[in-house]
Amino acid sequence: MLDTQNVSIRSASVGSMDNNVYVLTAKNSGDQVLIDAADDFGRIREVLDAGAADLDGGASQASVRMIITTHSHWDHVRALAEAAEATGARTAAGSEDIADIPVPTDLPLHHGDVLDFGGFDLEVISLRGHTPGSVALLYRDPAGPAHVFTGDSLFPGGVGNTQKDPERFSSLINDVIERIFEYLPDDTIVHPGHGAGTTLGAERPHLAEWKERGW
């Protein structure tokens, strides 16, 4: 668990693809956001319940306000239907990916949108290439480094898979450089869709190498 000034950030790895599921819980309001209901809703429920225990003493009980899908690939949505039904939360995803998500999306997301929850905001950053509608979610901790949840668009060591398509790679690397690395400082913490996290400072020296190799 990462404890920021206003929000706790909890995560779990689920399913056969070791997908990362993230739960942000506002400590003062109990508002929760679930990022990528990838698989194993039982495990996701455990993370939600753990987040509910992070509330300040005067806060009301926790409630899942929104389930955000970073992109439409099958391994990121296997528990989405169950999670949406169990929590009653609104669903959200990048507008260009909605048609490929097998659960109705309540809120189409666009680059620059700001999602307002009780005690924190999430900024939507579109990163086109891994899928047309892939999004990252940015949380700015007022008392520490920013946190960006990048789905499968940015990992330690490179950007997401674009199936060796030069146009898709160019789109993704350009968006990652312009909308992530040129926008946010080195201490920003990256929370990817699979595997370990990193910081922008650790990855920034390798951008030219990624661009040159083409993946």
Side-chain angles (χ1 to χ4, degrees), residues 9 11-22 35-39 68-78 80 92-102 105 108-115 122-140 145-215:
I9 301 171
S11 64
S13 176
V14 299
S16 59
M17 300 288 288
D18 290 326
N19 291 75
N20 289 331
V21 170
Y22 298 98
I35 299 176
D36 281 345
D39 200 5
I68 304 176
T69 301
T70 60
H71 64 289
S72 59
H73 284 166
W74 67 274
D75 59 311
H76 288 257
V77 299
R78 287 174 287 183
L80 179 56
S95 59
E96 296 299 319
D97 273 16
I98 287 174
D100 296 322
I101 296 174
T105 299
L109 301 178
H110 304 89
H111 181 66
D113 287 349
V114 177
L115 307 174
L122 289 176
E123 181 180 338
V124 177
I125 301 174
S126 295
L127 300 173
R128 301 157 294 184
H130 183 66
T131 65
S134 288
V135 295
L137 291 314
L138 172 63
Y139 166 60
R140 295 183 184 271
H147 297 260
V148 62
F149 302 85
T150 56
D152 286 3
S153 292
L154 176 62
F155 296 95
V159 298
N161 190 355
T162 52
Q163 280 74 48
K164 300 182 179 180
D165 182 323
E167 291 186 8
R168 287 174 58 195
F169 174 75
S170 178
S171 175
L172 181 55
I173 191 70
N174 288 336
D175 274 0
V176 164
I177 290 172
E178 294 169 10
R179 297 179 173 185
I180 299 289
F181 283 93
E182 293 180 358
Y183 183 52
L184 297 166
D186 280 353
D187 64 351
T188 301
I189 299 171
V190 177
H191 303 274
H194 305 262
T198 186
T199 65
L200 294 188
E203 307 304 321
R204 193 182 300 275
H206 307 289
L207 289 174
E209 171 193 340
W210 300 352
K211 200 164 189 176
E212 176 66 23
R213 76 189 184 190
W215 56 272

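Values below: every heavy atom of this structure, side chains too, minus hydrogens, waters and symmetry copies.
- For the 3.5 Å distance criterion, the side chains of Asp36 and Thr70 qualify, holding a donor opposite an acceptor.
- To the nearest 0.5 Å, the span separating CD1 on Ile173 from NZ on Lys211 amounts to 7.0 Å.
- The minimum heavy-atom distance between Gly158 and Arg213, with the atom names listed, is CA-NH2, 3.6 Å.
- When atom types are taken as modelled, the side chain of Asn19 and the backbone of Asp75 share a donor-acceptor pair closer than 3.5 angstrom.
- Taking both residues in full, the closest heavy atoms of Ser126 and Val135 are given as OG-CG1, 4.3 Å, listed atom of the first, atom of the second, then distance.
- Residues Leu127 and His111 are not in side-chain contact: their nearest non-hydrogen atoms beyond the backbone lie 4.5 Å or more apart.
- Taking every heavy atom of both residues into account, Gly15 and Asp39 meet most closely at CA-OD2, 3.3 Å.
- Note on residues 193-215: pairs passing ring pair (Phe, Tyr, Trp, His ring centres under 6.0 Å), not counting sequence neighbours, are His76-His194.
- A pairwise comparison of heavy atoms in Thr150 and Ala136 identifies CA-CB, 4.0 Å as the closest pair.
- Evaluation of the ring-ring contact (aromatic ring centres under 6.0 Å, His included) rule for His191 yields Tyr22, His147, Phe149 as partners, not counting sequence neighbours.
- Summarising the geometry of Ile101 relative to Ser72, their closest heavy-atom pair is CG1-CB, 3.7 Å, with the distance given to 0.1 Å.
- Of the possible polar contacts, none joining the Asp113 side chain to the Val124 backbone as a donor-acceptor pair under 3.5 Å is found.
- Put simply, CG on Leu172 and OG1 on Thr131 are 9.5 Å apart, with the number rounded to the nearest 0.5 Å.
- Scanning for side chain to side chain donor-acceptor pair (under 3.5 Å) contacts around Ser153 gives an empty result, with sequence neighbours left out.
- Proximity of a side-chain donor or acceptor of Arg140 to a complementary backbone N or O of Ala146 within less than 3.5 Å is not detected.
- You'll find the side chain of Arg78 reaches within 4.5 Å of the side chain of Met17, heavy atoms only.
- Scanning all heavy atoms of the two residues, the minimum distance from Pro145 to Asp187 falls at CB-O, 3.2 Å.
- For Thr198, the side chain to side chain donor-acceptor pair (under 3.5 Å) criterion is met by Glu203, not counting sequence neighbours.
- For the atom pair NE2 (His73) and CG (Asp152), the distance works out to 7.5 Å, reported to the nearest 0.5 Å.
- Listed for the Thr199 side chain is a donor-acceptor partner under 3.5 Å among the backbone atoms of Ala202.
- The number of heavy atoms from other shown groups lying within 6.0 Å of CD (Glu167) does not exceed 12.
- Proximity of Val77 to Pro102: side-chain heavy atoms (C-beta onward) are separated by under 4.5 Å at one or more points.
- At least one donor-acceptor pair closer than 3.5 Å links the side chain of Asn20 to the backbone N or O of Pro192.
- Looking at heavy atoms from C-beta onward, Leu200 lies in side-chain contact with Val190 at the 4.5 angstrom threshold.
- Among pairs with a residue in residues 163-185, none fulfils ring pair (Phe, Tyr, Trp, His ring centres under 6.0 Å), at least two apart in sequence or across chains.
- Under a cut-off of 6.0 angstrom, the local environment of CD in Gln163 is crowded, with over 12 non-hydrogen atoms contributed by other residues, nucleotides or ligands.
- No side-chain donor-acceptor contact under 3.5 Å links Thr69 to the backbone of Ala93.
- With sequence neighbours excluded, no residue forms a ring-ring contact (aromatic ring centres under 6.0 Å, His included) with His110.
- Side-chain atoms of Leu154 and Val148, non-hydrogen and from C-beta on, never get closer than 4.5 Å to each other.
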